[in-house]
Amino acid sequence: MIERKLISWIIPCFNEEEVIIKSLNEIVKVSASITNYQWELVIIDDGSIDKTSELIKEFTNNKFDIHLIQFSRNFGHQNAVQAGLDYCKGVAAIIIDADLQDPPYLAEKMINKWENGFQVVYGKRVQRIAENKFKIFTAFLFYRLLNFLSGIPIPNDTGDFRLIDREVIDVLNSMPEKGRFIRGLISWIGFRQTSIKYRRNKRAAGLTKYSLRKMISLALEGLTNFSRRPLRLATFLGFFFSIFAFLGIIYVLYVRLFTLTWVPGWAAILLAILLSSGIQMICIGILGEYIGNIFFESKNRPLYVLSSRELIVHK
Ligand code: UDP
Ligand code: MG
């Protein structure tokens with residue numbers, strides 16, 4: 001009998017008790033239908049405080065091994081995905097959300113592309129059904145800004161839903177950095193990458209686990225970890241406004257010394273102060289983000305702490 005290749009599902013979840021079983025059923029069903037491969041499920045419980053882990057432990061399927069990795073607290077989605085990549089054994093892995101927003105059946109298409117020589121096959125969202133307008137708009141803006149500011153082309157409208165080859169997984173796992181914006185790192189790594197288009201579904205159940213704070217933090221991670229462009233932008237802004245300031249100084253001196261039309265002009269002063277201090281704050285903030293990145297890198301703490309790791313062998 002020929003040895004079938006092992007492919008790993010990487011499923012990060014945080015308080016997903018409402019949807020996890022439905023999701024696992026779907027993933028198992030799809031895997032079972034793609035018979036030329038062996039499968040394993042690597043599930044990372046990112047510090048859930050609900051029944052997620054209990055449900056996973058009770059979940060029985062008669063086909064595939066399940067690795068359950070539990071974090072000691074909530075370390076965030078990107079770190080959960082990284083843990084999955086660290087522990088998966090497949091010759092390729094598919095990263096997928098636990099809420100069925102990314103359809104598991106696309107695995108077959110991804111595998112086809114992979115077998116045709118692509119090391120990364122990412123899902124590109126062409127339509128996001130019934131997600132809230134604010135999220136769609138901010139995501140749209142974020143991906144465009146990210147591409148403008150990060151030196152490497154990170155494909156627009158892609159999340160972490162993707163298949164990656166072992167070669168890429170190994171490079172990713174060997175990268176020591178703490179600022180983990182995984183889709184950006186994968187772009188940076190290179191190799192042959194391609195996309196498949198898909199419609200992003202509604203969450204099957206439960207609410208989003210990405211709070212506004214987490215979204216902003218992820219966005220800043222992406223924006224400041226890949227290039228110095230934001231810093232350069234701060235420098236250019238400084239130059240740009242200095243030129244205005246310089247012209248302003250000449251004008252003010254001229255009016256004061258050589259004309260009699262010396263007007264109070266408090267509005268102009270106030271606006272100038274507000275504008276310049278606003279811009280200074282932004283520039284200091286950008287600088288601060290980079291210093292913050294150095295701070296975290298230099299501490300060299302692990303990305304996550306495990307509270308347990310168990311293999312639920314298929315029954
Ligand atoms: N998630 C996680 N840790 C977190 C937040 C989210 O592991 O701190 C998981 C979550 O369980 C889901 C995936 O990351 O499997 C995407 O999260 P979610 O669906 O809430 O985000 P959205 O699709 O709304 O952007
Ligand atoms: Mg989701």
Side-chain angles (χ1 to χ4, degrees), residues 8-27 41-56 59 66-88 93-104 106 122-143 146 156-162 178-183 198-222 303-307 309:
S8 314
W9 287 101
I10 293 179
I11 313 161
C13 42
F14 176 50
N15 293 340
E16 298 288 11
E17 63 180 7
E18 280 156 286
V19 73
I20 188 69
I21 294 306
K22 196 168 175 205
S23 201
L24 293 182
N25 274 323
E26 189 68 28
I27 288 171
L41 278 64
V42 181
I43 309 174
I44 307 90
D45 178 359
D46 184 11
S48 298
I49 47 171
D50 66 359
K51 292 208 176 63
T52 303
S53 275
E54 281 90 323
L55 291 175
I56 294 168
F59 176 75
I66 294 181
H67 296 262
L68 175 62
I69 297 169
Q70 285 178 276
F71 283 180
S72 62
R73 65 168 172 83
N74 181 236
F75 281 89
H77 173 232
Q78 298 291 295
N79 293 330
V81 171
Q82 183 55 51
L85 293 169
D86 287 336
Y87 288 102
C88 74
I94 304 176
I95 305 166
I96 190 166
D97 284 356
D99 58 2
L100 289 176
Q101 280 198 282
D102 309 320
L106 286 177
Y122 52 83
K124 193 170 168 66
R125 304 155 178 178
V126 284
Q127 197 181 359
R128 307 176 76 141
I129 302 167
E131 277 188 291
N132 85 42
K133 293 258 181 335
F134 175 74
K135 179 127 192 170
I136 294 178
F137 178 69
T138 48
F140 177 86
L141 214 62
F142 166 66
Y143 286 111
L146 182 65
N156 284 339
D157 310 321
T158 60
D160 288 313
F161 180 40
R162 57 187 61 210
K178 310 296 163 199
R180 273 195 126 67
F181 182 66
I182 288 178
R183 61 202 86 156
Y198 76 105
R199 285 155 175 241
R200 189 155 161 86
N201 294 324
K202 243 167 52 177
R203 210 174 216 286
L207 298 172
T208 178
K209 304 301 172 311
Y210 253 97
S211 57
L212 187 61
R213 189 177 60 79
K214 281 182 180 167
M215 259 162 65
I216 292 174
S217 158
L218 180 73
L220 285 174
E221 207 77 76
L303 290 170
Y304 50 81
V305 176
L306 302 190
S307 65
R309 184 156 77 86

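Both counts, for ligands and for their atoms, begin at 1 and track the order of listing. No hydrogens, no waters, no symmetry mates; every other heavy atom, side chains included, goes into these values. Here the structure is a predicted model, which means the values were calculated and not measured.
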[X]-ligand 1 polar pair, N/O distance under 3.5 Å:
X: F14; answer: yes
X: A80; answer: no
X: L207; answer: no

Legend entry - Given K51, R203, K22, the one that forms salt bridge (Lys or Arg N to Asp or Glu O under 4.0 Å) with E16: R203
Legend entry - Row check, F75 ring normal vs R73 NZ/CZ: under 6.0 Å, within 45°: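 Output yes; distance and angle both within limits.
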Legend entry - Under 2.8 Å: N/O/S of Y210 next to the Mg ion (ligand 2): no
Inset, instruction - Look at D97 and state whether any of its N, O or S atoms is less than 2.8 Å from the Mg ion (ligand 2). - result: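 Given the 2.8 Å cut-off, D97 does not count as a ligand of the Mg ion (ligand 2).
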Legend entry - ligand 1 contact on H77 by region, counting heavy-atom pairs under 4.0 Å: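 Both backbone and side chain.
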Inset, instruction - Mind checking whether D97 contacts ligand 1 via backbone (N, CA, C, O), side chain (CB onward), both or neither, at a 4.0 Å heavy-atom cut-off? - result: both
Distance-only polar pair, side chains of [X] and [Y], donor-acceptor under 3.5 Å:
X: Y122; Y: D160; value: no
X: Y210; Y: H77; value: yes
X: S53; Y: D45; value: yes

Pull out every atom of ligand 1 sitting under 4.0 Å from any heavy atom of [X], numbered as shown with elements.
X: K209; answer: 5 (C), 6 (C), 18 (P), 20 (O)
X: N74; answer: 3 (N), 4 (C), 8 (O)
X: D99; answer: 19 (O), 23 (O)
X: Q101; answer: 19 (O), 22 (P), 23 (O)
X: E16; answer: 10 (C), 11 (O), 12 (C), 15 (O)
X: D46; answer: 2 (C), 3 (N), 4 (C), 7 (O), 8 (O)
X: G76; answer: 3 (N), 8 (O)

Legend entry - Point-to-point distance, once rounded to the nearest 0.5 Å, from CD1 of I56 to SG of C13: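 Answer for the CD1-SG pair, I56 versus C13, is 4.0 Å.
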Legend entry - Atom pair CZ/CD1 of F14 and I20 - distance to nearest 0.5 Å: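 It is 13.5 Å, given to the nearest 0.5 Å.
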Legend entry - Passing option when P12 is tested against N79, V42, D46, V81 for side chain to side chain contact (heavy atoms under 4.5 Å, CB included):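 Only one of N79, V42, D46, V81 forms a side chain to side chain contact (heavy atoms under 4.5 Å, CB included) with P12, namely V81.
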Legend entry - Salt-bridge present (D97, R200; N to O < 4.0 Å):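 A salt bridge links D97 with R200.
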Legend entry - Non-hydrogen atom of R200 closer than 4.0 Å to ligand 1: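 A heavy atom of R200 does come that close to ligand 1.
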Inset, instruction - Could you tell me whether ligand 1 has any atom less than 4.0 Å away from a heavy atom of M215? - result: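 It does not; every heavy atom stays at 4.0 Å or beyond.
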Legend entry - Check: P104 main-chain N/O paired with E26 side-chain donor or acceptor under 3.5 Å: no
Inset, instruction - Without swapping roles, check the side chain of S72 against the backbone of L306 for a donor-acceptor pair under 3.5 Å. - result: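 Between the backbone of L306 and the side chain of S72 there is no qualifying donor-acceptor contact (under 3.5 Å).
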Inset, instruction - Rounded to the nearest 10 degrees, what's the angle OE1 of Q101 makes with OD2 of D99 at the Mg ion (ligand 2)? Could you check? - result: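 The two atoms subtend 100° at the Mg ion (ligand 2).
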